[in-house]
Amino acid sequence: MAGAGNRVARLALIQFESVLCDPAANTTTACALIADAAAQGADLVVLPELFSTGYELNIVGPRIPELAEPIDGPTVTALQQAARQANCYVVAGLALTHAMPGVAYNSAVLIDRSGNLAGVYDKQHLWALERFYFRSGEGSPVFDTDFGRLGILICYDLGFPEVARMLALQGAEILVCPSAWCAEDMDVWDVNVPARALENTAFVAAVNRFGCEDKLVMPGHTKVCNPRGHVVAELQEETAGVLHVELDLDDVVRHRVSSPYLRDRRPDLYDQVLLP
């Protein structure tokens, strides 16, 4: 596993199939997968968007008030124990009421190797029905790990270059994107993931759900792109599975010199654009 001064990160990206509205069952499955991935050397295990409840909001949405949990609720507590026992970092997407009681966010937690809650990211751009059940997030935190700097965005956020750019400007080297991307929009998925990697000279690890929830089909195709926007790993089979990938984070340093998009920005020009 990675340690201090080691620039190699081993990721396990879990293409998860949820049981709708059953956080206990989904969390049990997830914790077993975390243990197995860490046993194979993973430094960071990533679960997709709303892994604990399922995503189909025509079904899950009306139950969000009862399914969303506080930060010290059973799902996060179980994930903390799993991360501690496995000695790995965990990123997991779930519905949280961490900011104030009764207000749900479409969130992702970062848990460190010791089982501590290292941070929370709340989805900033809400897709379709999400706006009826969640409040949008406002912050773009970047987290230090023992292998590098990590930023989190969630699904639809990937279509807004500003989110990934805010993370990259804070030094994020790996952008992790838990998602619930539907089958009819996979052409957009295949454009957005490499684009966000190239323009920010960062690794992008986009973790999609798999499964059919009522009429919503999510085919997976979890993938990782390198700082030149090349796909370096992808789950091609449309099934539940785990994508293992090893990243050399010194590639980020090298490409930020050879492809200096971040250095050569002209924010003095961008500020002149006034949008409605």
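What you see is a predicted model; the values in this text were computed from it and never measured. Values reported hereafter were calculated over all heavy atoms of this structure, with side chains retained and with hydrogens, waters and symmetry mates removed. All residue numbers refer to positions in the sequence shown, counting from 1.
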Colleague: Kindly write out the residues that satisfy side-chain contact (heavy atoms from CB on, under 4.5 Å) with Ala183, not counting sequence neighbours, or none if the list is empty.
Modeller: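 Counting only residues at least two positions away or on another chain, Ala183 forms a side-chain contact (heavy atoms from CB on, under 4.5 Å) with Val217, Pro219.
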
Colleague: For the residue pair Ser114 and Arg84, what are the closest heavy atoms and their distance?
Modeller: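 Where Ser114 meets Arg84 most closely, the heavy atoms are O-CD, 3.4 Å.
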
Colleague: Using a strict 4.0 Å threshold on nitrogen-to-oxygen distance, state whether Arg113 and Asp43 make a salt bridge.
Modeller: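 Looking at Asp43 together with Arg113, the answer is yes, because their closest N to O distance falls below 4.0 Å.
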
Colleague: Sequence neighbours left out, what pairs pass side chain to side chain donor-acceptor pair (under 3.5 Å) with at least one residue falling in residues 158-171?
Modeller: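 Listed once each, the pairs are Arg165-Asn200.
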
Colleague: When you compare the side chains of Gln124 and Ser140, does any donor N or O come within less than 3.5 Å of an acceptor on the partner?
Modeller: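 A donor-acceptor contact under 3.5 Å links the two side chains.
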
Colleague: Quick one: does Trp189's side chain have a donor or acceptor within less than 3.5 Å of a partner on His221's backbone?
Modeller: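 A pair under 3.5 Å: yes.
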
Colleague: Is Glu173 paired with Arg149 through a side-chain N to carboxylate O contact shorter than 4.0 Å?
Modeller: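 Judged by the 4.0 Å cut-off on N to carboxylate O distance, Arg149 and Glu173 do not form a salt bridge.
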
Colleague: Parallel under 30°, tilted from 30 to 60°, perpendicular over 60°: which one fits the rings of Phe51 and Phe16?
Modeller: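 The rings of Phe51 and Phe16 stand perpendicular, inter-plane angle above 60°.
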
Colleague: Mind listing the closest non-hydrogen atom pair of Val245 and Ala233 along with its distance?
Modeller: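 Taking Val245 first and Ala233 second, the nearest heavy atoms are CG2-CB, 4.0 Å.
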
Colleague: Quick check: do Lys123 and Phe134 have side-chain heavy atoms less than 4.5 Å from each other?
Modeller: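 Result no, sub-4.5 Å side-chain heavy-atom pair not found.
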
Colleague: Considering all heavy atoms of both residues, which atom of Arg228 and which atom of Leu198 are nearest to each other, and what is their separation?
Modeller: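 So the minimum-distance heavy-atom pair works out to O-CD1, 3.7 Å.
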
Colleague: Under 4.5 Å between any side-chain heavy atoms of Glu238 and Met186, yes or no?
Modeller: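 They are not in contact (no side-chain heavy atoms under 4.5 Å apart), so the answer is no.
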
Colleague: Can you name the closest pair of heavy atoms from Leu126 and Ser136 and give their distance?
Modeller: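 Nearest heavy atoms, Leu126 then Ser136: CD1-N, 3.7 Å.
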
Colleague: Please give me the minimum heavy-atom distance between Ala197 and Cys225, naming the atom from each residue.
Modeller: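 Shortest heavy-atom separation between Ala197 and Cys225 comes out as CB-CB, 3.8 Å.
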
Colleague: Should Arg256 and Arg263 count as side-chain neighbours, where that means a heavy-atom distance under 4.5 Å?
Modeller: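 Answer no - side chains too far apart.
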
Colleague: Which one of Thr222, Val91, Leu235 satisfies the side chain to side chain contact (heavy atoms under 4.5 Å, CB included) criterion with Val207?
Modeller: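 Looking at Thr222, Val91, Leu235, the match for Val207 under the side chain to side chain contact (heavy atoms under 4.5 Å, CB included) is Thr222.
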
Colleague: Quick one about Tyr121 and Asp157 (side-chain donor to acceptor, distance below 3.5 Å, no hydrogens or angles considered), yes or no?
Modeller: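 Short answer, yes.
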
Colleague: If you take all heavy atoms of Ala78 and Thr27, which pair is closest and at what distance?
Modeller: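 Looking at all heavy atoms of both residues, the closest pair is CB-CG2, 3.6 Å.
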
Colleague: For atom CZ of Arg254, is the number of surrounding heavy atoms from other residues, nucleotides or ligands below 6.0 Å larger than 12?
Modeller: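 Atom CZ in Arg254 is packed in, count exceeds 12.
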
